[in-house]
Amino acid sequence: MSGPHIEVSDLVASPSLLEGLNPAQVEAVTAPDVPLLVLAGAGSGKTRVLTHRIAYLVATARARPSGILAVTFTNKAAREMRGRLEGLLEDGVQGMWLGTFHAMGARMLRQRGDLAGVPRDFVIYDEVDRQALLKEAMREAGVDEKRFSIGSIGGEISRAKNDLQGPGAFAAAARGFTESQAAKVYPRYERMLEANRALDFDDLLLKVVRMLEGSEVALGRYRERFGHVLVDEYQDTNRAQYQILRLLVGEHRKVTVVGDPDQSVYSWRGADLRNILEFQRDYPEALVVPLEQNYRSTAAILRSAGAVIQENSLRLEKQLWTLGPEGDPVQVGQFYDEREEAAAVAAEILRLHRGGEVGWGEVAVLYRTNAQSRALEEVLLRGGIPYRLVGGVRFYQRKEVKDLLAYLRLLANPRDRVAFERVINVPKRGVGAQSLAQIRDAVQAQGGDLDTVLRDPQLAGLRGASGAGLSRFAEMMAELREFGSGWALVEVLDWLLERSGYRALVRDGSPEGEERWGNVLELRGLAAEQGEGPALQTLPLFLEQLALAGEVDQLEDGSRGAVTLITLHQVKGLEFPVVFVTGVEEGLLPHSRSLDSVSALEEERRLLYVGMTRAQRRLYLSHCFQRHLYGSPRGATPSRFLKPLSALEGTSGWGAPGSFVAPASTRGQPLVLTRARDALLAEATRPSPSEPAVARFTAGERVEHARFGRGVIRVSEMTPGGEEVVIDFDGAGRRRFAVTDAVLRKLG
DNA sequence: TGCGGGTCCAGCGGG
DNA sequence: TGGACCCGCA
């Protein structure tokens, strides 16, 4: 590998951009305009290199911001890059395209989608909408819903789209029963999307490929525009994304990809590891710069993680190292079952916290499947350890938010049948399944145009209550449309909430109702940000932003105050001083569904690797002798992935109070048992002594928390472990706690 | 149309 | 074990 390519003039132009970078980072940042593959190991300063390279390209006048396309997978990554670049570039990121693949796709299709037959006013269907449509298409195709789930059929279609296969090509290549069923559904699903003027997320990539391949105009336009293309998380790209990049990069080949094959854990979402493994085949003149210096973890942690990942065959060799301290040994512990495992985790967290070593927020507990979180939650709750469960239903997927958005979508696009069917009977208007079928027929008779039927509800031929209900709904939508041309979006929404009866439905006086109402208000706040312009004009952009937006960050705001419970997949990209990886067992990690292929198995190993490399100072791995699966206990054995650790120096045992001793062959080192830990464990698992039989708090009450300050109770409920409350803090977001006298007091 | 009980299923989840 | 969904009944 050649050394850094630095011109003296470059250094003069932008000395600060290289300050504090290590030699490999400098080499990546300053590399010439050749295809560049940055093999960025975990914790090696990947984002820093990417942003500094962009800034460097601009500072040395090799690119203007508007000539740069930088794509990421997540909104979060895009936001982070944007933030950093704004600090690095004098004139900011003006004109630069910096965003997710899907946002890029949507933007291109809005501009020139007509060249691929995409209507300009398309709407984007999310997972829920997509499933509704799939279900319908499956019925129409006569696919037995009992034998084939929406998930499996939808998965096939999604995979086909990611592989750039249209319905015809897919049908021709279909093998096996599921595929042949999916082949019957696919064309129908496509027709339905078209009739609704909708694209699903896969389309945002597929249609771009079609556009660029089918139109010289489009291809020329974007090739000319983007002289430099940079890609984050390249190991996660699928076939469609790969093809888009190939097309855009064209002959200039000024492409920088950053990624780490060892952290590829999304093959089930279409990611193709070959894209990164074969980058040098695609671009023989490519420069490859490995970033191997790690700034995150102790040497002990890196050594263990390295020993694990080294067993994989599908990788590009890379060895992480650090100038940092050796640190505490990585601990591998065996426990009797998931309850004891959870108790040991809690006890260790308590110990570290008491010793003043860590705050709650500096600890993360990782697991393979969401179901594993329950045992952990129970114990943390009982031990009074504040925690935050990452995952669950995302804001934009919550029912009340989806319902209101459906109303708004129908306003923006009167042909959106999925939106219509979602809300026609919410609140109840007497239009049930029977009536809906009739309406569907009527729509079909009108050439699939829902709008015609809404303008003339008689067409549906409904009688009685259901006919009246449809008419009322149609009338309301007509009024809404009228107001939409004059009123601001937030005003339209307020009117809608009253007129539709939705507010009354949501806000039924129960604590849950208040929580739902809180979500509505959050959405209302977003609508208010759209300004005073007529709703019909601001609405399309609003809907697009929401469709492409991910979760409102749960992690940023509160990472200081609570232990994080999170899946191994979701933890990618994060770091914590103390990390527990639980359930490192055969059948769980590797998951039983991954045992039949080497590549799937290796992906599971990467998953463990990702988990281990999140740890900064302390890392604990645990497995059980027995674990409850679907309610019944099953024997468990340590994961095969742990084997290389037992031979490693600097790995030690971590155990529960002497009740259980592992068979010698299944553990690394002798379990470490201490009295102090026994006591802590007992404390962590003991039911709170003075549980009040009734809730102390009620929704709406203002309280003060020792750590998070003031807030308002959202939900209070009694659980076997005591009272549990959800609090919206004034300054620290939403949190869930077990009530303990020590931390919470009522105000006023 | 709305509900209650039986049945079936169960991995990870961005945009 | 528990949630989602379907079918049958008020």
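Every chain is numbered from 1 and lettered A, B, ... according to where its sequence line falls, protein lines coming before strand lines.
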For Lys428(A) and for Trp268(A), find the nucleotide of DNA chain B with the closest heavy atom, then tell me which residue's nucleotide is more 5'.
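Counting from the 5' end, the first nearest nucleotide belongs to Lys428(A).
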
For Ser466(A) and for Leu607(A), find the nucleotide of DNA chain B with the closest heavy atom, then tell me which residue's nucleotide is more 5'.
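First, find each residue's nearest nucleotide; the 5'-ward one identifies Ser466(A).
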
Using a 4.0 Å heavy-atom cut-off across all strands, classify [X] as base, sugar-phosphate, or nothing.
X         : value
Ser594(A) : base
Gly105(A) : nothing
Val431(A) : sugar-phosphate
Gln372(A) : nothing
Ser267(A) : nothing

To the nearest Å, give me how far apart [atom1] ([X]) and [atom2] ([N]) are.
X         : N       : atom1 : atom2 : value
Glu338(A) : dT1(C)  : CD    : C1'   : 11 Å
Glu127(A) : dC12(B) : CD    : C1'   : 14 Å
Asp126(A) : dG13(B) : CG    : P     : 17 Å
Arg634(A) : dA10(B) : CZ    : P     : 13 Å
Gln545(A) : dG15(B) : CD    : C1'   : 15 Å
Lys76(A)  : dG14(B) : NZ    : C1'   : 13 Å
Glu233(A) : dG15(B) : CD    : C1'   : 14 Å
Phe201(A) : dG15(B) : CZ    : C1'   : 4 Å

Base-pairing assignment for dC8(B) (Watson-Crick or G-U wobble, both under 3.5 Å):
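Pairing partner: dG3(C).
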
Partner nucleotide, any strand, of dG13(B) [Watson-Crick/G-U, under 3.5 Å]
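Pairing partner, where one exists within any strand: none, as none qualifies.
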
Is there ring stacking between Tyr266(A) and dC12(B), where the centres must be under 5.5 angstrom apart and the planes under 30 degrees?
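No.
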
With a centroid cutoff of 5.5 Å and a plane-angle limit of 30°, would you call Phe73(A) stacked on dG15(B)?
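Per 5.5 Å and 30° rule: no stacking.
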
Reckon [X] has a side-chain N or O less than 4.0 Å from the OP1 or OP2 of [N]?
X         : N       : answer
Asn370(A) : dC12(B) : yes
Thr567(A) : dG13(B) : yes
Gln570(A) : dG13(B) : yes

Under 3.5 Å, is there a donor-acceptor pair between the [X] and [Y] side chains?
X         : Y         : result
Glu233(A) : Gln235(A) : yes
Tyr396(A) : Asp126(A) : no
Glu603(A) : Ser267(A) : yes
Gln372(A) : Thr369(A) : yes
Asp200(A) : Tyr189(A) : yes

Let's see if you can work this out: which of dT1(B), dC12(B), dT1(C) has an atom nearest to the side-chain heavy atoms of Thr369(A)?
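It is dC12(B).
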
From the list dC12(B), dT1(B), dG15(B), which nucleotide is the closest neighbour of the side chain of Asn75(A)?
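Output: dG15(B).
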
May I ask you to decide if Ala116(A)'s main-chain N or O and Arg210(A)'s side chain share a donor-acceptor pair within less than 3.5 Å?
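No, because the side chain of Arg210(A) does not come within donor-acceptor range (under 3.5 Å) of the backbone of Ala116(A).
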
Aromatic plane relationship, Tyr266(A) with His569(A) - under 30° parallel, 30 to 60° tilted, over 60° perpendicular:
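It falls in the tilted class, 30° to 60°.
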
How are the rings of Trp97(A) and Tyr222(A) set relative to one another: parallel (under 30°), tilted (30 to 60°) or perpendicular (over 60°)?
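Plane angle between 30° and 60°, so tilted.
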
Please encode protein proximity along nucleotides 3-10 of chain C as a string of B, S and -, counting only heavy-atom distances under 4.0 Å.
---S----

Could you give the distance separating dG13(B) and dA4(C) at their P atoms, to the nearest angstrom?
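Per the computed distance, 16 Å lies between those P atoms.
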
Write down the distance separating the C1' atoms in dC12(B) and dC5(C), rounded off to the nearest Å.
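Per the computed distance, 23 Å lies between those C1' atoms.
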
Residues Arg110(A), Glu544(A): salt bridge by 4.0 Å N-O rule:
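Salt bridge flag = yes for Glu544(A) with Arg110(A).
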
